[in-house]
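Have a look at the structure below, then the notes.
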Amino acid sequence: MVTVELPDGNKIEFESPVSALQVAERISPRLAKSAIAARIDGTVRDLTHVLDEGPHAVVVITDRDEEAAEILRHTAAHVLAQAMVNLFGAGVKYTIGPALTEDFQYGYYYDFDMPSPVGAEDLPKIEAEMRRIAAQKLPIERVELPVDEAIAQMRKLGQDYKVEMIQDLVRTQQVKTVSLYRQGDFIDMCRGPHLPHTGFVKAVALLSAAGAYWRGDERNKMLTRVYGCAFFDDKSLKEHLANIEEAKKRDHRTLGKQLDLFLISDDVGPGLPLWMPKGATLRMQLMNWLQGELIARGYQIVATPHIGRLGLYRTSGHYPYYKESQFPPIEMDGEDAYLIKPMNCPHHITIYKARQHSYRDLPLRLAEFGTVYRFEQSGELNGLTRVRGFTQDDAHIICTQEQLESEIESCVDLVKLVLETLGLTDYRVRLGLRDPNSDKYAGDAEHWALAEQNIRNVVRKLGMSYTEGIGDAVFYGPKIDFVVRDCLGRQWQLGTIQVDYNLPQRFSMEYIGEDNRPHQPVMIHRAPFGSLERFIGILIEHFGGAFPLWLSPVQVAVLPVSEKVSEYADKVYAELKRRGIRVEMDSSPEKIGAKIRRSSMDKIPYMAIVGQNEAAAGAVSLRGRGGVDHGVMPLDAMIAKLLDEISTRSLGQ
RNA sequence: GCCAGCGUAGCUCAACGGUAGAGCACCGCUUUUGUAAAGCGGUGGUUGUGGGUUCGAUUCCCUCCGCUGGCUCCA
């Protein structure tokens with residue numbers, strides 16, 4: 001007897017074992033038709049899954065359910081693999097092809113070992129083949145086989161990677177059987193679940209072809225990865241593709257050019273951004289704001305040179321650890337080499353060590369907008385988000401063990417203040433922890449355990465939700481990272497807080513304790529923005545170039561209706577300027593409509609339109625970005641309104 | 001660094017192996033304008049670099065540089 005309990009509490013009984021599909025049929029023929037899988041006792045299974053004797057909780061999944069999209073994408077990956085084999089022959093070896101759950105742009109990928117790699121121009125052809133396979137509505141069957149048989153079968157198909165994967169499963173998880181999925185003459189080793197037939201996979205698009213190392217290890221062979229997306233209907237697919245196009249318009253590289261914010265010129269060098277006046281204005285606003293917050297929080301501002309002796313970075317460990325990703329040392333005749341600084345900490349430590357410190361001095365907080373240079377791999381460079389020269393809003397807090405957690409806590413507060421003031425609330429928090437199996441870390445296990453405990457204590461105390469990333473720690477200590485997404489869904493680390501017991505030891509940092517004996521302090525490295533460059537890159541995309549008033553490079557455009565009022569317009573311009581508002585005048589001989597359009601395209605928050613009426617009244621007609629009409633108001637009233645919006649760092653109109 | 005794609009005017013993009021073009025921007029002239037583009041005219045290019053194939057290369061092939069999407073890396 002099989003007893004099935006449905007989500008609504010109803011129970012159905014069957015005399016003998018039944019498939020999930022039969023359960024759905026019993027509920028309603030219509031449900032059975034739209035069913036694609038079932039959640040059985042909490043686990044998502046194929047519709048063909050047979051329920052054995054006993055009670056079972058069954059939820060039939062249709063294309064409207066959350067879980068459905070993932071199954072669809074996974075099956076789409078199989079259809080992709082089948083298409084590849086159909087088109088490029090049995091020499092195509094398929095490896096791993098998962099559905100993506102996090103990445104909003106894609107949906108799934110499949111990695112292939114190809115006799116010769118496919119390129120972007122092959123994608124339409126592959127897509128067409130996928131649609132052909134979908135149109136055939138091939139039933140998808142699951143068979144469970146003993147590993148020996150499965151290996152034999154995959155070997156017969158020439159699928160060496162699958163053989164390797166099965167052998168790994170045997171070794172690591174002692175599996176005795178694996179499941180194979182068959183659709184038409186295509187067979188793949190896969191855990192499933194999958195859709196009942198390929199006919200569901202009709203709204204598909206392939207988005208890119210790329211390389212990916214087998215098992216993600218650069219010592220392994222590079223495979224060909226094809227990314228795609230899949231939906232249950234064409235409308236959703238079209239919408240999705242349109243969303244991607246829309247997102248691209250927010251790309252900071254596009255907007256940076258359009259709005260004259262920054263420039264990356266090959267003449268200067270890859271990954272070395274130049275800030276144009278407008279971008280530099282924005283940057284300066286951020287820096288000034290944060291600097292004020294730092295001083296209010298007891299930080300002291302320091303300034304240090306852009307290069308330092310190599311020995312300093314040998315001591316810190318940065319040179320040996322990151323040798324490959326640094327600009328090579330500057331060799332000098334008869335003198336130690338100099339390194340262009342990849343980090344500010346050694347300089348700040350040198351400042352700390354310049355004199356003796358009492359426990360009464362601690363915590364000591366040394367802050368600097370420090371520009372550093374790292375020779376990032378060429379393939380890594382990306383607009384402002386990954387560059388070779390960037391400015392960190394860096395600071396090092398040197399404190400006692402007892403002070404550490406409360407200092408970490410105020411660092412977290414500061415990072416949150418920064419993100420929330422700018423409306424960047426869609427971030428996630430990641431603890432970067434040590435990978436015990438790696439030898440890239442410095443220092444003893446005891447301090448590591450302690451430091452990891454310190455950061456955990458703080459995030460727990462603050463009730464923050466976070467994930468832990470094993471192996472995401474810095475070589476000298478664990479960290480709390482604040483991670484956000486760019487317009488294409490890629491994740492970037494912005495703010496970071498790092499606990500370090502190591503460098504104080506390497507540099508023999510000391511303070512004299514209450515007991516009149518020397519002690520070793522602990523150090524926190526922290527940067528709320530992280531890198532100004534990356535932060536602003538993300539900020540550009542976050543606001544789509546339409547910055548809040550306090551950050552806008554140009555805050556108001558004065559637009560005279562005709563040259564007849566140019567004298568009054570000049571007066572308005574001068575007064576705004578005198579009151580510290582960043583103002584631009586459009587005195588071109590264009591019509592007012594054209595001037596408005598131009599200012600709108602530049603995403604200037606306010607337009608002060610002045611014609612003869614306004615001139616006579618000593619007023620302006622104020623138009624907000626996006627066509628908001630604030631009406632005609634006296635010049636003073638307008639200035640007061642703007643100054644208020646600026647001083648409160650208001651996010652919007 | 002690796003795989004794939006791309007590189008044409010300041011920007012966005014055209015151009016069967018046969019004299020390199022459009023829109024915007026810029027400059028000039030006309031228009032003096034009321035809430036998202038007035039009209040006319042003009043300037044602007046060794047087609048990323050170096051080589052090769054060809055009677056002839058923006059177009060085909062190779063080298064290098066850069067960019068884009070991934071992979072790896074990210075102090």
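Protein chains get the first letters and strands the later ones, always in sequence-line order, with residue 1 at the start of each.
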For this session: Would you kindly compare A:Gly379 and A:Arg534 by the position of their nearest RNA chain B nucleotide and give the one closer to the 5′ end?
Result: A:Gly379
For this session: Please work out if A:Glu324 contacts a base, only the sugar-phosphate, or nothing of the nucleic acid, heavy-atom cut-off 4.0 Å.
Result: nothing
Problem set entry | No-H, no-angle donor-acceptor pair, A:Arg625 side chain to B:A36 base, under 3.5 Å | no
Problem set entry | Phosphate-side-chain proximity, A:Lys591 and B:A37, N/O vs OP1/OP2 below 4.0 Å | no
Exercise. Does A:Arg374 put a side-chain nitrogen or oxygen below 4.0 Å from OP1 or OP2 of B:C74?
Worked result: no
Seminar exercise, completed: Rounded to whole Å, the CZ-C1' distance (A:Arg225 to B:C3) equals 11 Å
For this session: Take atom CG of A:Asp122 and atom P of B:G69, then tell me their distance rounded to the nearest Å.
Result: 21 Å
Exercise. Under 4.0 Å between a side-chain N or O of A:Ser325 and OP1 or OP2 of B:C73?
Worked result: no
For this session: Classify the side chain of A:Tyr213 versus the base of B:G70 as yes if they form a donor-acceptor pair under 3.5 Å and no if they do not.
Result: no
Exercise. How many Å lie between OH on A:Tyr110 and P on B:A4, as a whole number?
Worked result: 21 Å
Problem set entry | A:Glu376 (side chain) and B:G1 (base): donor-acceptor pair under 3.5 Å | no
Exercise. Would you say a side-chain N or O of A:Lys440 is under 4.0 Å from OP1 or OP2 of B:A75?
Worked result: no
Seminar exercise, completed: Only one of A:Thr95, A:Asp111, A:Asp113 passes side chain to side chain donor-acceptor pair (under 3.5 Å) with A:Tyr161, and that residue is A:Asp113
Problem set entry | Any N/O donor-acceptor pair, A:Arg386 side-chain to B:C74 base, under 3.5 Å | yes
Exercise. According to the Watson-Crick and G-U wobble definitions, with both distances under 3.5 Å, which nucleotide is paired to B:U68?
Worked result: B:A4
Exercise. Quantified in whole Å, what is the P atom distance between nucleotide B:C55 and nucleotide B:G50?
Worked result: 23 Å
Exercise. Within this structure, what is the CG-to-P distance between A:Leu207 and B:G70, rounded to whole angstrom?
Worked result: 11 Å
For this session: May I ask which nucleotide in the shown strands pairs with B:G18, Watson-Crick or G-U wobble, both distances under 3.5 Å?
Result: B:C55
Problem set entry | Distance in angstrom units between A:Asn613 CG and B:U35 P, rounded | 12 Å
Exercise. How is A:Tyr322 classified with respect to the nucleic acid when contacts are heavy atoms under 4.0 Å: base, sugar-phosphate, or nothing?
Worked result: base
Problem set entry | Atom P, compared across B:C16 and B:C60: separation rounded to whole Å | 11 Å
For this session: Describe the nucleic acid contact of A:Ile264 in one word from base, sugar-phosphate, nothing, applying a heavy-atom distance below 4.0 Å.
Result: nothing
For this session: Report yes if a donor N or O on one partner sits less than 3.5 Å from an acceptor N or O on the other, where the partners are the side chain of A:Gln326 and the base of B:A75; otherwise report no.
Result: yes
For this session: To the nearest Å, give me how far apart CG (A:Leu494) and C1' (B:C74) are.
Result: 14 Å
For this session: Pick base, sugar-phosphate or nothing for A:Lys595, based on heavy-atom distances below 4.0 Å to the nucleic acid.
Result: nothing
Exercise. Does the B:C24 base have a donor-acceptor partner in the side chain of A:Arg598 within less than 3.5 Å?
Worked result: no
Problem set entry | Separation of B:C24 P from A:Arg597 CZ (nearest whole Å) | 10 Å
For this session: For A:Pro270, report the nucleic acid contact type (base, sugar-phosphate, nothing); a contact means any heavy atom under 4.0 Å.
Result: sugar-phosphate
Exercise. Less than 6.0 Å separating the ring centroids of A:Tyr441 and A:Phe475?
Worked result: no
For this session: Might you confirm whether atom NZ of A:Lys323 has over 12 heavy atoms from other residues, nucleotides or ligands at distances under 6.0 Å?
Result: no
Exercise. Taking the nucleotide of RNA chain B with the closest heavy atom to each, which residue, A:Asp251 or A:Ala120, is nearer the 5' end?
Worked result: A:Ala120
Exercise. Which value, in whole Å, describes the distance between the P atoms of nucleotides B:U54 and B:U49?
Worked result: 23 Å
Exercise. NA contact type, A:Ser316, heavy-atom cut-off 4.0 Å: base, sugar-phosphate, or nothing?
Worked result: nothing
Problem set entry | Nucleotide forming a Watson-Crick or wobble pair with B:G42, both distances under 3.5 Å | B:C26
Seminar exercise, completed: Applying the 3.5 Å cut-off to both distances, the Watson-Crick or G-U partner of B:U33 turns out to be none
For this session: Give a yes/no answer on whether the side chain of A:Tyr109 brings an N or O atom under 4.0 Å of OP1 or OP2 in B:G69.
Result: no
Exercise. Does OP1 or OP2 of B:C71 have a side-chain N or O of A:Asn220 closer than 4.0 Å?
Worked result: no
Seminar exercise, completed: Under a 3.5 Å limit on both distances, the Watson-Crick or wobble mate of B:G50 is B:C62
Exercise. What's the CZ-C1' distance between A:Phe327 and B:C74, to the nearest Å?
Worked result: 15 Å
Exercise. Is the phosphate of B:C2, meaning OP1 or OP2, less than 4.0 Å from a side-chain N or O of A:Arg219?
Worked result: no
Exercise. Are A:Tyr94 and A:Phe112 close enough that their ring centres sit under 6.0 Å apart?
Worked result: no
